[in-house]
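Here the structure comes first, spelled out in structure tokens, and everything after it is commentary.
Note: hydrogens, waters and symmetry copies are ignored here, and every other heavy atom, side chains too, is used. Positions are given from 1 along the sequence.
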Amino acid sequence: MLLSLVLHTYSMRYVLPAAVMMGTAPTYMLAWGAWRLLSAVLPARFYREVDDRLYTIYQSMVLFFFENYTGVQVIIYGDLPKNKENVIYLSNHQCTVDWIIADMLAIRQNALGHVRYVLKDGLKWLPLYGWYFSQMYLVIFPEGTRYNPEIPKVIADSQSFAEKEGLAILKHVLTPRVKATHVAIDTMKDYLDAVYDVTVAYEGTVDHKGQRKLAPSMTEFLCKECPRVHIFIDRIELKDIPEEQMYMRRWLHERFEIKDKLLIEFYDAKDSKRRNKFPGKSVHSKLSLKKTLPSLLFLGGLTASMLLTESGRKLYVKTWIYGTLIGCLWVSIKP
């Protein structure tokens with residue numbers, strides 16, 4: 001009985017973060033909606049500046065839970081410039097935590113409010129946030145779906161396709177698709193400073209037989225089941241990327257070959273001392289509470305104040321209901 005209670009309590013460690021992150025959603029959307037109306041008569045740059053700031057506040061609160069609350073160690077390898085840049089962020093894709101990793105890097109460059117994502121179409125139906133996510137881009141996962149060791153058919157199909165096309169067969173990543181990457185780079189090349197090629201490994205995802213396991217879900221991550229995240233960053237100049245799609249396809253696959261070699265070293269190195277790390281120098285990057293706690297207190301305080309009054313509670317519930325319905329209607333009619 002006692003053991004069952006302990007296990008239940010352990011598994012519930014994600015409830016508080018989840019409740020706060022979702023519970024403050026109506027507050028965030030009300031603040032955004034109010035600003036959207038007020039800024040309608042102002043130049044667009046004023047709307048964007050405050051919109052980015054509001055987004056930064058919410059995402060900073062999210063990072064409070066995913067970094068400060070979990071205590072995860074973020075180990076960074078390679079070149080992450082201190083100042084923010086206009087970039088395309090390319091990464092391997094393993095789990096739902098992957099998009100948080102992009103935020104982890106962005107906040108360290110004071111660029112959190114500018115992060116946008118290419119996401120699966122189905123995510124546009126998320127309550128309240130779906131329509132907002134559907135407008136976001138720049139963070140791209142070229143594999144198109146997650147690398148999941150528990151679904152070997154997807155991995156086998158990816159390897160078969162690579163073999164058919166005369167491409168190198170990859171072990172720890174899937175064969176990348178070039179279309180989204182090519183469209184993004186071609187469309188925004190006049191505004192980009194670089195491409196960040198990012199390889200992510202979650203420590204503790206190998207079983208006792210040395211076989212790779214499924215990367216942590218958001219729930220598992222918030223339950224503090226991932227001790228360290230290793231992030232290898234390679235900053236690539238645009239001049240080093242082919243413009244034609246057929247040549248970019250080969251370039252992108254070569255980049256994923258490099259990722260695969262990094263991950264083989266991380267998971268499968270014969271020398272046990274070289275496992276669970278990427279080659280080269282690394283930095284243990286600890287996120288200061290000053291970056292996240294004020295956002296948590298601000299959004300949490302506003303939400304609590306709203307819920308203290310009957311009219312506030314009614315507005316809160318109506319925001320959930322009508323905000324979700326309007327969002328679904330918007331993404332349904334949006335081309």
Inter-residue atom distance [X].[atom1] - [Y].[atom2], 0.5 Å rounding:
X      : Y      : atom1 : atom2 : answer
Asp197 : Trp251 : CG    : CH2   : 6.5 Å
Met104 : Leu80  : CE    : CG    : 13.5 Å
Glu49  : Leu54  : CD    : CG    : 12.0 Å
Tyr196 : Asp79  : OH    : CG    : 7.5 Å

Do side-chain atoms of [X] reach the backbone of [Y] as a donor and acceptor pair under 3.5 angstrom?
X      : Y      : result
Asn92  : Val200 : yes
Thr205 : Tyr202 : yes
Glu203 : Cys226 : no
Arg313 : Leu307 : yes
Ser39  : Leu42  : no
Gln109 : Asn83  : yes
Lys259 : Val198 : yes
Arg13  : Cys223 : yes
Glu225 : Glu220 : no
Asp193 : Asn86  : yes

Just by distance, no angles: are the side chains of [X] and [Y] close enough, under 3.5 Å, to form a donor-acceptor pair?
X      : Y      : value
Asn110 : Lys291 : yes
Thr292 : Ser60  : no
Thr27  : Thr303 : yes
Asp52  : Tyr47  : no

For this session: Test Lys286 against Glu67 for salt bridge (charged side-chain N to carboxylate O under 4.0 Å, His left out), laying out the working first.
Result: CA-CA 8 Å; Lys286 186 174 178 60; Glu67 285 210 55; over 6 Å; no
Smallest separation among heavy atoms of [X] and [Y], with atom names:
X      : Y      : result
Leu112 : Gln59  : CD2-CB, 3.6 Å
Tyr147 : Lys171 : OH-O, 2.8 Å
Leu170 : Pro176 : CD1-CD, 4.2 Å
Tyr14  : Leu222 : CB-CB, 3.9 Å
Asp260 : Ile169 : OD2-O, 4.4 Å
Asp207 : Lys213 : N-CG, 3.7 Å

Min side-chain heavy-atom separation [X]-[Y] under 4.5 Å:
X      : Y      : result
Phe66  : Leu287 : no
Val229 : Ile75  : no
Asp157 : Val154 : no

Side-chain ion pair, [X] and [Y], N-O less than 4.0 Å:
X      : Y      : result
Arg255 : Asp234 : yes
Arg275 : Asp268 : no
Glu165 : Arg249 : yes
Arg274 : Glu265 : yes
Glu310 : Lys314 : yes

Problem set entry | Criterion side-chain hydrogen bond (donor to acceptor under 3.5 Å, both in side chains) on Arg108 and Ser285, from CA distance to verdict | CA-CA 9 Å; Arg108 287 163 168 80; Ser285 180; 2.6 Å; yes
Cluster question for you: counting only ILVMFWY and a side-chain heavy-atom cut-off of under 4.5 Å, with indirect links fine, are [X] and [Y] together?
X      : Y      : answer
Val183 : Met248 : no
Ile264 : Leu262 : no
Leu167 : Tyr247 : no

For this session: Mark yes when over 12 heavy atoms from residues, nucleotides or ligands other than Glu244 sit less than 6.0 Å from its CD; otherwise mark no.
Result: no
Exercise. Would you say Glu163 has more than 12 foreign heavy atoms packed within less than 6.0 Å of its CD?
Worked result: no
Seminar exercise, completed: Tyr267 meets the ring pair (Phe, Tyr, Trp, His ring centres under 6.0 Å) criterion, sequence neighbours left out, with His172
For this session: Name all residues meeting the ring pair (Phe, Tyr, Trp, His ring centres under 6.0 Å) criterion together with Phe64; count only those two or more places apart in sequence or in a different chain, and write none if there are none.
Result: none
For this session: Taking the six-membered ring for Trp and the single ring otherwise, decide whether the centroids of Tyr58 and Tyr28 are under 6.0 Å apart.
Result: yes
For this session: Compute both the distance and the angle, then confirm whether Lys277 meets the cation-pi test with Phe232: under 6.0 Å from the six-membered ring centre, within 45 degrees of the axis.
Result: no
Exercise. Does NZ or CZ of Lys164 lie under 6.0 Å from the centre of the six-membered ring of Phe161, at an angle within 45° of the ring axis?
Worked result: no
Exercise. What class does the angle between the rings of Phe278 and Phe266 fall in, given that below 30° is parallel, 30 to 60° is tilted and above 60° is perpendicular?
Worked result: tilted
For this session: Go through the steps to decide whether Trp35 and Asp51 satisfy the test side-chain hydrogen bond (donor to acceptor under 3.5 Å, both in side chains), and finish with yes or no.
Result: CA-CA 8 Å; Trp35 172 242; Asp51 178 56; over 6 Å; no
